[in-house]
**Q** 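If you scroll down you'll find the structure; I have some questions about it.
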Amino acid sequence: MKKKPYAMLLVTGFWALVLVQLLSSAPVEHYVQTVKHQATKVDRAFTREEELRNMIEGWRQTMEKKPINASYDESWKAAVPGYNGRSIDTEASIIQMKMTGKTTQDQLIFKEVEPDVSLEEVGVYPIYRGNPEKPAISFMINVAWGNEYLDSILKTLEANQIKTTFFLDGSWVRRNPELAKKIASYGHEIGNHAYSHPDMKFMSDYQIRQEIGKTQQVIEKTLGIKPNLFAPPSGSFSSQVVKIAKNDFQMKTILWSADTIDWMKPSPDVVIRRIDAKMGKGVMILMHPTAVTAQSLPALIKMAKQRGLTPTTVSEVISSKRIDTP
């Protein structure tokens, strides 16, 4: 009976030695070191992400832009489009930086912030220009004649990868369906320029509806397009013209902020100097298919690009969407 406690002590000692051996063995030590290493990696990753967040916060003040509300211009009696702001998308920017391994400003991802007041909320007024902060312009072309110069103009626009807006006279479309289709085939925006080039300022409501409506019908029948922009011939309009275009046809009335006056047959140099003085952000330039427009258009496009302006459609110019890059 006295040997039993001694035997139990030996067994306990044996298992104690086994446990000590196990704890000091390589597999356990490796496991412990692995756990410590993984914990260190997590800590480092967390610290790195916090560093990126702090870096992005430091850039926020200079890189973000506040939106600009659409407004009413009392001097022009017109609506001025707003311009979206931009804010940094922190989470998307961090993902981008991790993917590329770069932590520079060009890795930032932005999201647009719409203005509190949209163009539609300003009221029913004509539009002469885009927002003066938007680096875009439009060479808008009103077509009621000048067929012989269209090919040259279209080729110049195509060579410069520019889409613009052609406002088509309804009776011209009826007489020249193939030319109208050709303009549309290049991907240009199509607008309504009334039917018979009348002075719409002094027309009755019925006559206004006839001029706009007949042109809508012939354009839709010929091109399968229903324009949402209306350019009154010679820029002559009344508030009733603007209201009927909007309420009856869901169309914005478009005018211009720079005029080539190309129909008076000036020299290309005169047109270039004339537009040079007015070319800037949000400007819409009135043109027609004339010889001087065909001749001066390449130089005007080059001038716009040198000033950091993007020639584009009227719809793009008057939208609040940003087109700049960080």
**Q** Closest approach of Ile183 and His188, non-hydrogen atoms and distance?
**A**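 Distance-wise, the nearest heavy atoms are O-CD2, 3.6 Å.
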
**Q** With the side chain counted from C-beta on, respond yes when Ile323 and Pro135 share a heavy-atom pair under 4.5 Å apart, and no when they do not.
**A**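 Ile323 vs Pro135: side chains touch.
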
**Q** Answer with yes or no whether the hydrophobic clustering places Ile109 together with Ile56; edges join I, L, V, M, F, W, Y residues whose side-chain heavy atoms lie under 4.5 Å apart.
**A**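 No, separate clusters.
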
**Q** Under a 3.5 Å distance rule, please check whether Asn69 uses its side chain to pair with a backbone N or O of Asp116 as donor and acceptor.
**A**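 The answer is yes, because a donor-acceptor pair under 3.5 Å joins these two groups.
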
**Q** Donor-acceptor pair, distance only, cut-off 3.5 Å: does the side chain of Ser257 make one with the backbone of Met284?
**A**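 Looks like yes, one N/O pair under 3.5 Å.
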
**Q** Say you draw a straight line from CD1 of Ile244 to CZ of Arg209; how long is it, rounded to the nearest 0.5 Å?
**A**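 Rounded to the nearest 0.5 Å, the CD1-CZ separation comes to 4.0 Å.
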
**Q** Side chains of Ile127 and Pro81, heavy atoms from C-beta outward: is any pair under 4.5 Å?
**A**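 Yes, their side chains come closer than 4.5 Å.
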
**Q** Would Thr312 and Val317 count as a side-chain contact (heavy atoms from CB on, under 4.5 Å) here? Give the steps.
**A** CA-CA 7 Å; Thr312 185; Val317 171; 3.7 Å; yes

**Q** The test is side-chain contact (heavy atoms from CB on, under 4.5 Å); show your working for Asp151 and Lys182 and say whether it passes.
**A** CA-CA 9 Å; Asp151 272 348; Lys182 187 171 187 177; 2.5 Å; yes

**Q** May I ask you to test the Ile212-Met251 pair for a side-chain heavy-atom distance under 4.5 Å?
**A**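 Side chain of Ile212 against side chain of Met251, heavy atoms only: contact under 4.5 Å found.
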
**Q** Between Arg274 (side chain only) and Thr260 (backbone N and O only), is there a donor and an acceptor less than 3.5 Å apart?
**A**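 Judged by distance alone, yes, a pair lies under 3.5 Å.
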
**Q** If the test is salt bridge (charged side-chain N to carboxylate O under 4.0 Å, His left out), which one of Arg322, Lys134, Lys321 qualifies with Glu316?
**A**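 Single salt bridge (charged side-chain N to carboxylate O under 4.0 Å, His left out) partner of Glu316 among Arg322, Lys134, Lys321: Lys134.
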
**Q** Strictly under 6.0 Å, is that where the ring centroids of Tyr72 and Tyr125 end up?
**A**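 Ring centres of Tyr125 and Tyr72 closer than 6.0 Å.
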
**Q** Working to the nearest 0.5 angstrom, can you tell me the gap between Ile285 CD1 and Thr293 OG1?
**A**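 Nearest 0.5 Å value for the CD1-OG1 distance: 10.5 Å.
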
**Q** If you define the side chain from C-beta out and look only at heavy atoms, does anything of Ile141 sit under 4.5 Å from Thr165?
**A**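 They are not in contact (no side-chain heavy atoms under 4.5 Å apart), so the answer is no.
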
**Q** Would you say that Trp59 contacts Gln105 through its side chain, given a criterion of any heavy-atom pair below 4.5 Å between the two side chains?
**A**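 In contact.
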
**Q** At what distance, to the nearest 0.5 angstrom, does OG of Ser296 lie from CG of Asp262?
**A**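 Answer for the OG-CG pair, Ser296 versus Asp262, is 7.5 Å.
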
**Q** The test is side-chain contact (heavy atoms from CB on, under 4.5 Å); show your working for His193 and Thr215 and say whether it passes.
**A** CA-CA 8 Å; His193 193 43; Thr215 301; over 6 Å; no

**Q** Can we say Lys214 and Glu211 salt-bridge, meaning some charged N sits less than 4.0 Å from an Asp/Glu carboxylate O?
**A**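 No, this pair does not count.
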
**Q** Between Lys155 and Glu158, does any NZ, NE, NH1 or NH2 come within less than 4.0 Å of an OD or OE carboxylate oxygen?
**A**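 No.
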
**Q** If you measure from the Lys or Arg side-chain nitrogens to the Asp or Glu carboxylate oxygens, is any gap between Glu120 and Lys246 under 4.0 Å?
**A**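 So Glu120 does not pair with Lys246 through a salt bridge.
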
**Q** Just wondering, are more than 12 heavy atoms of other shown residues or ligands nearer than 6.0 Å to CD in Glu148?
**A**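 Yes, the 6.0 Å shell around CD holds more than 12 heavy atoms from other groups.
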
**Q** For this output row, return yes or no: ring centroids of His197 and Trp145 closer than 6.0 angstrom.
**A**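 No: the rings miss the under 6.0 Å criterion.
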
**Q** Whether Lys201 engages the ring of Phe237 as a cation-pi pair (distance to the six-membered ring centre under 6.0 angstrom, angle to the ring normal within 45°) should be assessed.
**A**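 No, a cation-pi geometry is absent between Lys201 and Phe237.
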
**Q** With hydrophobic residues grouped by side-chain heavy-atom distances under 4.5 Å, do Val292 and Val143 end up in a single group?
**A**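 Linked within one cluster.
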
**Q** Please lay out, stage by stage, how Lys265 and Thr290 fare under the test side-chain contact (heavy atoms from CB on, under 4.5 Å).
**A** CA-CA 8 Å; Lys265 301 181 180 180; Thr290 63; over 6 Å; no

**Q** In the single-linkage hydrophobic clustering (I, L, V, M, F, W, Y; side-chain heavy atoms under 4.5 Å), do Leu286 and Trp76 co-cluster?
**A**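 Linked, Leu286 and Trp76 end up in one cluster.
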
**Q** Kindly give the heavy-atom pair with the smallest separation between Ala144 and Arg175, and that separation in Å.
**A**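 Smallest interatomic distance, heavy atoms only, reads O-NH2, 3.8 Å.
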
**Q** Does Ser267 form a side chain to side chain donor-acceptor pair (under 3.5 Å) with Asp269? I'd like the steps, not just the answer.
**A** CA-CA 5 Å; Ser267 69; Asp269 286 344; 5.2 Å; no

**Q** Gln96 pairs by side chain to side chain donor-acceptor pair (under 3.5 Å) with which of Glu91, Lys102, Gln107?
**A**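 Running side chain to side chain donor-acceptor pair (under 3.5 Å) over Glu91, Lys102, Gln107 with Gln96 returns exactly one hit, Gln107.
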
**Q** Considering non-hydrogen atoms only, spot the tightest contact between Val113 and Ser87 and give its length.
**A**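 Between these two residues, the closest heavy atoms are CG2-OG, 3.8 Å.
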
**Q** As an exercise, state the distance from CD1 of Ile254 to CG of Leu229, rounded to the nearest 0.5 Å.
**A**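 One gets 5.0 Å once the value is rounded to the nearest 0.5 Å.
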
**Q** Same hydrophobic cluster for Val80 and Leu255, using side-chain heavy-atom links shorter than 4.5 Å among ILVMFWY?
**A**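 Different clusters: Val80 never reaches Leu255 through Ile, Leu, Val, Met, Phe, Trp or Tyr contacts under 4.5 Å.
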
**Q** Side chains of Ser71 and Val117, heavy atoms from C-beta outward: is any pair under 4.5 Å?
**A**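 When only atoms from C-beta onward are counted, Val117 and Ser71 do not touch, as no gap falls below 4.5 Å.
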
**Q** Is any NZ, NE, NH1 or NH2 atom of the basic residue among Lys278 and Asp259 found under 4.0 Å from an Asp or Glu carboxylate oxygen of the other?
**A**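 Looking at Lys278 and Asp259, the cut-off is not met.
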
**Q** Taking all atoms of both residues into account, what is the closest heavy-atom pair of Pro232 and Thr253, and its distance?
**A**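 Result for this residue pair: CD-CG2, 3.8 Å.
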
**Q** With a 4.5 Å cut-off on side-chain heavy atoms, are Met97 and Thr104 touching?
**A**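 Thr104 vs Met97: side chains apart.
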
**Q** Could you give the side-chain donor-acceptor pairs of residues 299-306 under 3.5 Å, partners two or more places apart or in another chain?
**A**
{"unit_1": "Lys305", "atom_1": "NZ", "unit_2": "Asn160", "atom_2": "O", "d": "3.4"}

**Q** Hey, could you give me the CD/NZ distance between Gln250 and Lys226, rounded to the nearest 0.5 Å?
**A**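 Between atom CD of Gln250 and atom NZ of Lys226 there are 6.5 Å.
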
**Q** Lys252 pairs by side chain to side chain contact (heavy atoms under 4.5 Å, CB included) with which of Val314, Ile318, Val124, Asn228?
**A**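 Single side chain to side chain contact (heavy atoms under 4.5 Å, CB included) partner of Lys252 among Val314, Ile318, Val124, Asn228: Ile318.
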
**Q** Please examine the side chains of Arg60 and Thr90, heavy atoms only from C-beta on, and report whether any two atoms are closer than 4.5 Å.
**A**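 Side chain of Thr90 against side chain of Arg60, heavy atoms only: contact under 4.5 Å found.
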
**Q** Should we count NZ of Lys243 as having more than 12 external heavy atoms under 6.0 Å?
**A**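 No - once you tally the heavy atoms of other residues, nucleotides and ligands closer than 6.0 Å, there are 12 at most.
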
**Q** Quick check: closest heavy atoms across Met200 and Ala194, and the distance to 0.1 Å?
**A**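 Shortest heavy-atom contact: SD-CB, 4.0 Å.
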
**Q** How close do Ser171 and Ser196 get, counting heavy atoms only, and between which atoms?
**A**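 Looking at all heavy atoms of both residues, the closest pair is OG-CA, 4.4 Å.
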
**Q** Do the charged groups of Glu49 and Lys98 touch, with an N to O distance under 4.0 Å?
**A**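 Yes, charged N to carboxylate O under 4.0 Å.
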
**Q** Can you tell me how far CD of Glu64 sits from CZ of Phe110, rounded to the nearest 0.5 angstrom?
**A**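 One gets 7.5 Å once the value is rounded to the nearest 0.5 Å.
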
**Q** Grouping I, L, V, M, F, W and Y whenever their side-chain heavy atoms are under 4.5 Å apart, do Phe166 and Phe230 come out in a common cluster?
**A**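 Each belongs to a different hydrophobic cluster.
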
